[in-house]
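Worksheet: one structure, shown below.
First the proteins, then the strands, lettered A, B, ... as listed; each starts at 1.
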Number of protein chains: 2
Amino acid sequence: MKKSSLEDVAKALGVSKTLVSMVLNGKATQYGISKKTEERVWKMVEEMGFKPNATARKLRTGKSNVLGLIVADISNPFYAKIARSVEDAANKKGYHMLICSSDENPKREADLISILADQHQVDGLIVSSTLDDPQMFDKLTLQKTPFLLLDREFASGLFPSVTVDNRKGAEMLVQHLLDKGVNNIGLITLSPSHLSTLKDRITGYKDALKKNKIELKDALLREVSFENLREDIIKEVDFLLSAPHKVRAIFALNNLVALYALEAIHHKGLKIPQDVALVSFDDIELFRFTSPPITAISQPLEQLGEHAMEMLFGLMNNKDKEGVENGTSTNGHRVVLPVELMVRNSCG
Amino acid sequence: MKKSSLEDVAKALGVSKTLVSMVLNGKATQYGISKKTEERVWKMVEEMGFKPNATARKLRTGKSNVLGLIVADISNPFYAKIARSVEDAANKKGYHMLICSSDENPKREADLISILADQHQVDGLIVSSTLDDPQMFDKLTLQKTPFLLLDREFASGLFPSVTVDNRKGAEMLVQHLLDKGVNNIGLITLSPSHLSTLKDRITGYKDALKKNKIELKDALLREVSFENLREDIIKEVDFLLSAPHKVRAIFALNNLVALYALEAIHHKGLKIPQDVALVSFDDIELFRFTSPPITAISQPLEQLGEHAMEMLFGLMNNKDKEGVENGTSTNGHRVVLPVELMVRNSCG
DNA sequence: TTGAAAGCGCTAACAA
DNA sequence: TTGTTAGCGCTTTCAA
C-alpha cells in the first residue's frame, strides 16, 4: 500500500493538484473555490487517507513545523521537565520537537546546532547552551535561523533568551541560611564554569554575604568537574567539612551536585541539618523525598517553555518581515523569570 | 548570508552538481573521480561552509536520518532515561530523534504516529504505546514504515518489540516480600489497564502467590486512574491499610504510583517498613533517596535503547530487500530483557 | 572522468 | 472558479 500523493487525489477527482492543495491549506474561499468542489476534495482526501508529505512541503515553502531543542542531558529531570514544557507549548502551535543532548560538550553542541539548523533546517532552535564562545549563535543570526537561548545565556546579553533569576535565587538561598544562623557556607559549583547560570548563582552567594557584612572566603568556593562529578564531590565535601574550614552549610549549585553531596554527607555519617545544612538550586521532585527534604530554588519550568515558544514564534514571524533589523540588539527579546524558595528541612 | 547549495559549490568550481554530490556521498572512487578533483571539491565545500540540505535529500532518497520516539511523558524520569538511551544509540548511527509525549492518551498517540510516519515520514518509529487496538500498527506494517514497540507490546505479540520481563520482575518483588514474612500484599495498578506491562506484572504477582500457595484475594488488587492519580491513590492506600484487609505491604505497579503511595503512607503517619512495606516496579534514582529507600525492580534502560536501535535498523534495512516478507510474524524481532531486584529498606 | 536532465511531492505565480 | 507550470535542492540514470 503506497502512500497517496496530492496528484493521486487530484487524479481520482479529475481536478488539478493546485485545487487540492488550495483546499488542503484552507485557501478554498480565498481562491473562490466552489463549496461543492471543496467538499468533494475533502471527502476524497479522507477516503484515500491522504496526508500531505511534510518533506515536500518544507522543500517548497521552507517551513517544516519542526523545532530543535538542545539541552545538556534529556535524562536529567530538570531538562526533561523543560523539554516537556517546551513540547507542550510547541504542540499547541502545531510544532514538534527534535530533541538532542549535548552532554555539556561544546564540540558536540556545535555539531548539533549545525545539524539541526543547516541540515535539517528546523524552523526554530532552542538551546540551553554549554558554549563559551557565542560564534555559533552569531552564525545563526547571520543566516537568519530563528533561535533563542533557554536557561543559560551569554554575558553579552545580545541574543534572545529566556532565563530565570539565578542571582536572586542564590541570594535567597544564602539569606535563608543566614537567617537560620548558619554563616559558614561552602559552595560547590561545577565546570564548565563559564555558564551564566553558575556565574550568576555565585554572584548571588557573594551578594548575600556582602549584604550581611560577612567576609567572603574564596577557599569555600569549590569547583568539581562534570566528567568526574561523584569523586570530586566526595573530595570537596570532605574538604569543606574538615578543619580548618568546617563549614556549617553546603550550597550545591545544581541538582546533580546536591544529590552527590547528599550521598557524601550521609556516607560520612553526618546528619542534615544537625551537622551540616544543605541547599540546592534546581528544585527537582526528588528533593521532596530525600531525608531530610532539601531546601531548594524552584524554577517556573512550565513558564520557561511557554515564554520560550512565544518568543521563538515572534522571532520566526519577524524573520519574514524584511524591514526589521534585529541582530545587534535583542529588541526586548530577553525574559528573566522569577524563582521561588522552597523551604524544607535541610537547614534546621 | 544565504545558505549555499550544491549548485553554488558546483558553479564556484566550474563543475557539475553531479560531481559534487558524488564526492559528498563518498562515491568519488566508485565513479572514478580524479583525486585532484575530489580534493578541490572538498576544499570548496569546506570554504563555503556548505551543508547538504537534508530536506531535499530526503525528498529525493526517502531517507531523512530522523527517527520518531513516542512515550507517555518525557518528563517522567523513566521515559527520560529511555529517551536518552535511544538517542545515544541513534546518534551512533547518525540519526536524530523527534520525541513526543502521548500522555497515555490513545487519540493523541494515534495522531502522533500519523504525524511522524505519514507527514514527517521518519525513517523509523519507536513507540511505547498506550493503544489498546493494534490497528495503527497494522497500518504502519502495511505501508512499510519500520517501527517497533518499546517497553509495552500487544497481546498478539505480532509486532517487533523490545520489552523487559515484567512478569518475572513482579514475581521477584512479591517473592521478596514473602521471604520477609509479609504475605498480605495489596497491589495498586493504574488505568489504562490493558497495557502489557501492567497485565504482566499482575500475572507475576499472582504467580508468586500461587507458587507459595497463598490465596489470591481479588479485593487487594486496586486500580487507580491516570487522570486522577493522586486522589485515587490516597483513597486506595487508605482502603488497603484499613480493616478488613489491613495489608502488610503495598506493591506499586509503577514509579508514579509508588511515589504517591509513599506520600499517602507518610501522611497517615505510618512507618515503612514497620507498619507497611512498599515495593515498586520501575526503579528510578529517586527511590535510592527516599526514606526509607524503596525496593524496586530495575530495568536495563541502556540496553533497551541499544536493542531497540539494533532491531529498528534491521527492520529499516529489511524494508529495502523486497524478497523478504515480514508482516505476519516478528521473525525473531522480539526481545525480552531481564530485570533486576534492587533490595533496599522498604520491606524490613 | 564528468555532465545533462529527470523527478521526489508540494505550493504559488500566472493564465485561462 | 480552475489548470498549467516552474522550481525548492538534491540524487541518479544515462549519455558523452
inquiry  = Using a 4.0 Å heavy-atom cut-off, does Ser34(B) contact any base of the nucleic acid, only the sugar-phosphate backbone, or nothing at all?
reply    = sugar-phosphate

request  = Specify the separation, in whole Å, of atom CE of Met22(A) and atom C1' of dT11(C).
outcome  = 10 Å

task = Taking atom types as modelled, find out whether Ser129(A) and Glu109(A) have a side-chain donor-acceptor pair closer than 3.5 angstrom.
result = yes

inquiry  = If the threshold is 4.0 Å, N to carboxylate O, is there a salt bridge linking Asp118(B) and Lys3(A)?
reply    = no

remark   = Heavy-atom nearest nucleotide on DNA chain D taken for Asn53(B) and for Tyr31(B); more 5' hit belongs to Asn53(B)

request  = Consider the side chain of Ser5(B), meaning its heavy atoms from C-beta on, and name the nucleotide among dT12(D), dG9(D), dT2(D) that approaches it most closely.
outcome  = dG9(D)

Minimum-distance nucleotide (side-chain atoms of Arg60(A) versus dT2(C), dA4(C), dA6(D)) = dA6(D)

ask   = Which nucleotide in the set dT13(D), dG9(C), dT4(D) lies at the smallest distance from any side-chain heavy atom of Ala56(A)?
value = dG9(C)

ask   = Separation of Glu38(A) atom CD from dT1(D) atom C1', in whole Å?
value = 13 Å

task = Please determine, by modelled atom types, if Ser75(A) and Asp73(A) share a side-chain donor-acceptor pair under 3.5 angstrom.
result = yes

request  = Specify whether Phe159(A) and Phe154(A) have parallel, tilted or perpendicular ring planes, treating 30° as the upper limit for parallel and 60° as the lower limit for perpendicular.
outcome  = perpendicular

message = For a quick check of understanding: with a heavy-atom distance under 4.0 Å over all strands, which category does Thr61(A) fall into, base, sugar-phosphate or nothing?
response = sugar-phosphate

message = Using whole Å, what does the distance between atom P of nucleotide dA12(C) and atom CG of Leu59(A) come to?
response = 13 Å

ask   = What's the NZ-P distance between Lys27(A) and dT1(D), to the nearest Å?
value = 18 Å

task = Examine the base of dT4(D) for any acceptor or donor lying under 3.5 Å from a partner atom in the side chain of Thr18(A), and report the outcome as yes or no.
result = yes

query = Between Lys92(B) and Asp88(B), does at least one N-O distance fall below 4.0 Å, as a salt bridge requires?
reply = no

request  = Could you check how far NZ of Lys58(B) sits from C1' of dG9(C), rounded to whole Å?
outcome  = 12 Å

key: Distance, rounded to the nearest Å, where Leu6(A) contributes CG and dT11(C) contributes P   = 6 Å

query = Could you give the CG-to-P distance, from Asp123(A) to dC8(D), as a whole number of Å?
reply = 19 Å

key: Euclidean distance, atom NZ of residue Lys63(A) to atom C1' of dT11(C) [Å, nearest integer]   = 14 Å

ask   = When we call it a touch if two heavy atoms are under 4.0 Å apart, what does Thr37(A) touch: a base, just sugar-phosphate, or nothing?
value = sugar-phosphate

inquiry  = Would you say Ser21(B) places a side-chain N or O within less than 4.0 Å of OP1 or OP2 belonging to dT11(D)?
reply    = yes

